[in-house]
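Following: one structure in structure tokens, then a few remarks.
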Number of protein chains: 2
Amino acid sequence: MEMSYTIKDVAKKANVSVATVSRILNNLPGYSEKTKEKVLQVITEMGYQPNAIARGLINKKTKTLGVLLPAVSDTFASVVLSGIEDMAHDLDYSVMVCNTAKDGIRTMKYLQALREKQVDGIIFISEFFKEEYYNAITAMKLPIVLVSTKSAYDIPFIKVDDEKAVLDGVMYLLERGHRSIGMIAGTKGDTIATIPRIEGYKKALNKQGIAFETKKVVYGDFGFESGIEAAEELLYHNKDVTAIFCSSDEMAAGALSYLYRMSIRVPDEISLVGYDNTKVAEMAIPPLTTVGQPLYEMGKNSVRMLLEREDGQSKSMFMPHKIAERESVKSIDQSTGE
Amino acid sequence: MEMSYTIKDVAKKANVSVATVSRILNNLPGYSEKTKEKVLQVITEMGYQPNAIARGLINKKTKTLGVLLPAVSDTFASVVLSGIEDMAHDLDYSVMVCNTAKDGIRTMKYLQALREKQVDGIIFISEFFKEEYYNAITAMKLPIVLVSTKSAYDIPFIKVDDEKAVLDGVMYLLERGHRSIGMIAGTKGDTIATIPRIEGYKKALNKQGIAFETKKVVYGDFGFESGIEAAEELLYHNKDVTAIFCSSDEMAAGALSYLYRMSIRVPDEISLVGYDNTKVAEMAIPPLTTVGQPLYEMGKNSVRMLLEREDGQSKSMFMPHKIAERESVKSIDQSTGE
DNA sequence: TTGAAAGCGCTAACAG
DNA sequence: CTGTTAGCGCTTTCAA
């Protein structure tokens with residue numbers, strides 16, 4: 001396998017020193033217009049491409065980012081990833097994806113690989129950020145930002161205010177006359193994506209003077225199948241609910257699926273609101289009303305935050321949520337009580 | 001920012017030469033068990049991590065792969081990606097994702113970046129493989145494999161036999177009594193994912209002695225919205241179809257959506273079969289019967305092919321398709337003709 | 001405006 | 001079994 005050209009080859013062919021070629025390549029001062037032209041010409045002639053690895057060895061910059069996410073194939077993360085990728089591309093960075101597959105061991109292994117490969121920063125999406133990770137990342141002194149999650153440490157994050165978002169979502173239902181609202185929450189005990197959301201649900205009810213009932217919240221794992229099961233469980237214990245707030249669109253789709261199977265019409269008999277506003281909400285039948293997170297923008301911003309931090313830590317930021325109204329919610333007439 | 005430790009630091013602290021440390025790190029022979037232990041201990045003590053960049057400069061191997069795909073956030077590609085990622089992880093490779101965003105300029109830019117970053121191979125998913133790409137890749141002498149697409153060049157690919165798959169899918173409908181079957185095809189003129197599929201459709205009809213009618217095939221772009229439009233167009237010109245074969249699950253979901261809006265029941269009035277067997281087929285209401293491609297496996301195999309090719313080109317491979325039967329197809333009674 | 005030379009952190013002969 | 005040394009391809013002083 002014959003070698004590609006190196007800067008040396010270019011220098012020789014252009015009758016200049018490698019230093020000069022390097023300067024030209026990097027737009028540094030220190031050469032005449034004439035040599036520049038000459039060198040550039042030789043470069044195109046030879047089809048020379050600089051070796052980013054050699055460059056990285058000196059600069060200690062690789063122009064690549066590592067992204068850790070729970071599952072590339074889930075709609076949620078893949079939209080964030082797509083925002084990351086787009087922004088990275090604009091800023092001339094590459095992104096390495098690491099599918100942590102909800103398993104901490106793999107995460108640690110990835111962290112190590114990313115460090116060895118000298119990535120310039122890490123974006124960590126949506127999973128619980130363990131102390132172990134914190135220690136590893138602190139040790140490697142790499143900038144990191146958390147997307148759609150946060151931690152007990154001083155690490156910048158970017159997410160929506162879940163409690164507020166759910167509060168708004170449930171208020172939306174309340175304003176439309178619903179009084180018996182169930183909730184399909186995320187993983188039980190999850191301090192980031194479950195507990196604050198239940199809190200939002202409680203607060204909304206409270207605002208309307210409705211008592212919170214434990215049996216009206218059931219737990220899933222954010223996935224489709226768990227939505228099916230959760231809906232079944234919820235309805236089994238609560239024959240009277242007229243609406244369900246779901247903590248992810250996928251779970252809402254699962255609920256929809258269960259209701260369809262049971263021949264319970266949405267939204268005529270039961271209203272549904274999802275969370276995230278991913279493509280699955282658009283594609284659902286009926287299209288799902290959902291509390292939208294600006295996933296793509298969050299992805300974009302995360303790389304901006306990671307890279308634009310001049311020196312110190314960059315600040316965390318909350319992104320606005322927004323209810324996407326579609327067709328899965330019906331207003332019910334309060335006077336009739338049904 | 002203080003530096004991380006280098007192999008030199010380890011060597012010094014362990015009172016050996018860097019060569020010895022290197023040998024130990026790379027499991028090469030040439031040291032006593034005693035020094036090995038000593039060195040390993042020092043390594044953990046210091047928390048030393050080798051620098052893969054420096055390594056790569058010598059080895060000419062970076063243990064990273066580049067993946068070019070049309071959109072990370074589309075279900076199809078993200079499943080393939082997830083297979084790639086898993087297999088790469090098993091083989092200790094990292095993967096860089098490049099979202100080509102259906103635009104050739106970006107693809108060229110990525111190809112260049114991947115080359116500069118010295119990736120060990122490239123996986124190209126599902127898009128049309130232009131001559132321009134071929135030239136660029138040939139110039140960089142990098143192994144490449146195509147997934148779910150193929151080319152006019154001698155480049156290994158991995159895909160299902162689309163013609164055969166569609167033939168089977170349409171036969172499935174035919175066997176269940178359908179005689180007037182419409183098709184929602186992909187991008188018009190696409191020689192990879194559209195023309196062969198239409199061919200399969202034709203052949204199936206032909207087997208049953210049913211005449212092919214141009215007006216019964218309409219084109220989309222594989223996406224959800226295009227499925228809505230295509231279904232509308234198809235039905236407008238063909239009041240009599242009892243079944244529609246769709247060239248992607250997303251388009252089938254679009255069709256489903258349109259039919260729902262029109263209050264046309266699936267599968268009672270119209271049967272639907274999709275293509276791909278992605279999560280959207282599972283989540284649809286009713287769940288979609290679809291011609292499944294082993295997307296995840298294709299992703300896995302692609303990296304195997306890329307990496308395991310001893311020397312020469314590895315062979316292309318066709319993957320088996322399989323019909324996933326769900327609830328979007330009804331058998332119709334031929335004797336009544338309806 | 002230019003070039004020579006010293007590394008970046010590591011591996012791989014080559015000697016001992 | 002171990003160490004010395006010459007690079008990998010590039011950037012960056014320092015001198016000229």
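Protein chains get the first letters and strands the later ones, always in sequence-line order, with residue 1 at the start of each. This is a predicted model, so every value here is computed, not measured.
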- Whole angstrom value for the distance that separates C1' of C/dC8 from CD of A/Gln118: 11 Å
- Item | Integer-rounded Å distance: D/dC1 P and B/Asn27 CG | 14 Å
- Return the residues of residues 30-50 of chain A meeting this criterion: a heavy atom under 4.0 Å from some atom of DNA chain D. Order them by number, or give none. A/Tyr48, A/Pro50
- Message: ring pair (Phe, Tyr, Trp, His ring centres under 6.0 Å), that's the test. Do A/Tyr134 and A/Tyr153 meet it? Break it down for me.
- Response: CA-CA 8 Å; A/Tyr134 177 72; A/Tyr153 314 97; 4.0 Å; yes
- Task: Quickly work out the B/Leu57 CG to D/dG9 C1' distance and round it to whole Å.
- Result: 5 Å
- Message: Working note: A/Glu127 + A/Thr100, criterion side-chain hydrogen bond (donor to acceptor under 3.5 Å, both in side chains); need CA distance, chi angles, decisive distance, verdict.
- Response: CA-CA 9 Å; A/Glu127 267 187 302; A/Thr100 58; 2.6 Å; yes
- Side chain of A/Ile7 (C-beta onward), nearest among C/dT11, D/dC10, C/dG3: D/dC10
- Query: Can a donor-acceptor pair be found between the side chains of A/Thr75 and A/Ser78 at a distance below 3.5 Å?
  - Reply: no
- Task: Tell me which of B/Asn51 and A/Pro29 sits closer to the 5' end of DNA chain C, going by the nucleotide each one is nearest to.
- Result: A/Pro29
- Task: Could you state the atom-to-atom distance from CZ of A/Arg23 to P of D/dT13 in whole Å?
- Result: 11 Å
- Query: Salt bridge check: are A/Glu85 and B/Arg106 linked by an N-O gap of less than 4.0 Å?
  - Reply: yes
- Item | Phosphate OP1/OP2 of C/dT11: any B/Lys60 side-chain N/O under 4.0 Å | no
- Task: Would you mind reading off the distance between B/Ile58 atom CD1 and D/dA6 atom C1', rounded to a whole angstrom?
- Result: 11 Å
- Task: Output, in order, the C-alpha distance, side-chain angles, deciding distance and verdict of ring pair (Phe, Tyr, Trp, His ring centres under 6.0 Å) for B/Phe318 and B/Phe157.
- Result: CA-CA 8 Å; B/Phe318 279 101; B/Phe157 61 81; 5.5 Å; yes
- N-O pairing of B/Lys109 and A/Asp92 below 4.0 Å: yes
- Message: For B/Ser17 and A/Ala52, find the nucleotide of DNA chain D closest to each by heavy atoms; which residue's nucleotide sits nearer the 5' end?
- Response: B/Ser17
- Query: Which whole-number value in Å describes the distance from B/Lys63 NZ to C/dT11 P?
  - Reply: 13 Å
- Query: How would you label the contact of B/Asn15 with the nucleic acid (heavy atoms, under 4.0 Å): base, sugar-phosphate, or nothing?
  - Reply: sugar-phosphate
- Per the side chain to side chain donor-acceptor pair (under 3.5 Å) rule, which among A/Thr64, A/Asn59, A/Thr62 passes with A/Asp120? A/Thr62
- Message: Rounded to whole Å, please give me the gap between CG in B/Leu25 and P in D/dT2.
- Response: 15 Å
- Would you say a side-chain N or O of B/Thr20 is under 4.0 Å from OP1 or OP2 of D/dG3? yes
- Message: D/dT11, OP1 or OP2 - any side-chain N/O from A/Asn26 closer than 4.0 Å?
- Response: yes
- Atom-pair distance (NZ on B/Lys61; C1' on C/dC10), nearest Å: 16 Å
- Message: OP1 or OP2 of D/dG9 versus the side-chain N and O atoms of A/Thr6: is any pair under 4.0 Å?
- Response: no
